[in-house]
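Since the structure comes first, as structure tokens, the remarks are kept for the end.
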Amino acid sequence: MKGSLWLAWRQQRVSAGIGATALLVAAAIAVYYRSGMLDALHSGLFDHCATGPLYCTRSDTGLPLLLDVEPLKYLGALNIALPVIIGVFWGAPLLGRDRELGTHRMILAQDVRRGQWFASRFALAAATTIALSGLLAGVFAWWWRPAADRSYGLFWYENTALSGSGPRVVAAALFGLAAGTLLGLLARRVLAAMGLTLLVTGVMTLLLEWTHRARLLVSPRTYVSAGSIPKPPMAEKWSTGDYGLITATGRHDDALNCPFPSGAQLKECMAAHGYVARYYRANPAGDYWIFQWTDTAVLGGLAAVLTIATVLLLRRRV
């Protein structure tokens with residue numbers, strides 16, 4: 001097994017080196033910009049800013065006060081793209097390169113079993129993928145923490161935070177590796193496998209983003225309040241944009257039927273139309289982890305299925 005692992009390392013060391021370099025660059029950028037973020041927060045400029053989705057403004061100009069979180073969003077976007085990058089440039093050539101060049105026949109002729117040939121390559125790639133994606137997700141979380149869930153920073157439900165952090169980044173990266181490995185085994189050419197991997201991982205990434213926006217896998221909660229008192233603040237909740245009025249029979253109507261703030265006008269309008277309460281639908285901040293573990297289960301399950309399919313296919317295609 002040592003010989004197989006050594007050969008696997010020789011073939012993958014360039015990819016591992018590029019990944020390590022990207023991680024070091026991301027960490028250095030994070031240290032630099034997080035330091036500037038903390039300096040801005042400690043300056044007192046943001047002390048009067050309350051929590052919630054409404055922008056905090058400068059007292060002199062009235063312009064919004066915002067931290068420089070654009071570089072943080074770029075790291076989140078990189079983490080979202082990891083399954084595509086790893087699948088295309090690491091997974092697809094992992095077995096596909098040997099099959100295209102025919103070198104796998106020479107390797108298998110030297111008393112190396114098919115399972116051993118696969119395990120040495122895939123185990124090394126998977127371990128490196130877990131380490132790289134986990135550390136990138138950790139760098140994002142560390143950088144994001146001072147600006148998390150504030151109008152001047154980055155809310156948990158913004159796509160670069162929701163999909164670019166946490167354990168789902170690791171599961172997504174493993175999915176990309178598994179998809180690329182299987183397609184590399186199926187396709188006759190590595191370039192074809194890379195193209196198919198780009199398509200599969202890209203579609204899966206976009207599909208999960210759509211499920212987030214549609215609340216398909218994590219349902220929002222309904223918050224109800226009387227019209228005579230202010231409704232509960234939105235704070236860190238992720239609104240669906242669905243809000244309105246409730247009749248005594250439970251029917252939900254558009255909020256524009258009584259377009260008044262909390263108070264006497266709203267109370268009179270609600271009484272005239274038979275409304276007994278108001279509602280809005282949103283996901284609370286605690287649902288961040290429900291989204292995370294749901295995505296992790298889906299992507300991790302798919303990665304496991306694709307890996308098993310690769311193992312079974314090795315018996316016929318190699």
Side-chain angles (χ1 to χ4, degrees), residues 1-27 30 75 78-99 103-104 107-108 112-142 163-185 190 193-194 197 200-201 204-205 292-293 295-314 318:
M1 193 65 171
K2 290 183 179 179
S4 297
L5 280 173
W6 177 83
L7 181 58
W9 168 247
R10 292 270 300 180
Q11 292 178 328
Q12 299 181 49
R13 59 184 178 180
V14 174
S15 298
I18 293 173
T21 301
L23 175 62
L24 290 175
V25 171
L75 177 57
L78 172 64
N79 288 347
I80 294 172
L82 270 184
V84 179
I85 297 171
I86 290 176
V88 170
F89 296 105
W90 201 327
L94 190 64
L95 303 181
R97 183 68 67 190
D98 279 346
R99 288 198 72 246
T103 52
H104 66 290
I107 296 171
L108 295 176
V112 177
R113 296 186 300 275
R114 296 180 183 187
Q116 187 178 1
W117 174 65
F118 168 74
S120 59
R121 281 156 178 72
F122 191 78
L124 179 60
T128 309
T129 295
I130 291 171
L132 175 63
S133 57
L135 288 171
L136 282 172
V139 169
F140 183 94
W142 174 75
S163 300
S165 65
R168 62 101 54 205
V169 175
V170 179
L174 285 174
F175 164 75
L177 178 67
T181 303
L182 176 58
L183 292 169
L185 190 62
V190 172
M194 294 172 75
T197 303
V200 170
T201 54
M204 189 62 192
T205 300
Q292 283 288 321
W293 290 118
D295 283 3
T296 299
V298 171
L299 292 164
L302 287 174
V305 169
L306 294 175
T307 303
I308 293 171
T310 303
V311 172
L312 295 176
L313 194 62
L314 276 170
V318 177

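Sequence positions, counted from 1, serve as the residue numbers for this chain.
At a threshold of 4.5 Å between non-hydrogen side-chain atoms, the residues Thr307 and Leu174 do not count as touching. Between Thr128 and Trp90, the closest side-chain pair of non-hydrogen atoms falls below 4.5 Å. A heavy-atom distance below 4.5 Å is not found between the side chains of Val169 and Leu136.
For the atom pair CD1 (Ile80) and CG (Leu75), the distance works out to 10.0 Å, reported to the nearest 0.5 Å. One finds the OG1 atom of Thr205 at 9.5 Å from the CG atom of Leu82 (value rounded to the nearest 0.5 Å). Here the CG-OG1 distance, from Leu124 to Thr129, works out to 9.0 Å after rounding to the nearest 0.5 Å. Remark: Arg121 CZ to Thr181 OG1 distance equals 11.5 Å, nearest 0.5 Å. To the nearest 0.5 Å, atoms CD1 (Ile130) and CG (Leu177) are separated by 9.0 Å.
The nearest pair of heavy atoms linking Ala193 to Gly184 is CB-CA, 3.6 Å. Taking each heavy atom of Ser165 and Gln292 in turn, the nearest pair found is O-NE2, 2.9 Å. Nearest heavy atoms, Ala178 versus Ala303: CB-O, 3.6 Å. Scanning both residues, Ala92 and Met194, for their nearest heavy atoms gives CB-CG, 3.7 Å. For Ala171 against Gly300, the heavy-atom pair with the smallest separation is CB-N, 4.0 Å. The minimum heavy-atom distance between Arg168 and Ser163, with the atom names listed, is NH1-O, 3.0 Å.
Without hydrogens or angle criteria, Arg97 side chain to Val190 main chain gives no donor-acceptor distance under 3.5 Å.
Across Leu94, Leu95, Leu306, a single residue satisfies side-chain contact (heavy atoms from CB on, under 4.5 Å) together with Leu182, and that is Leu306.
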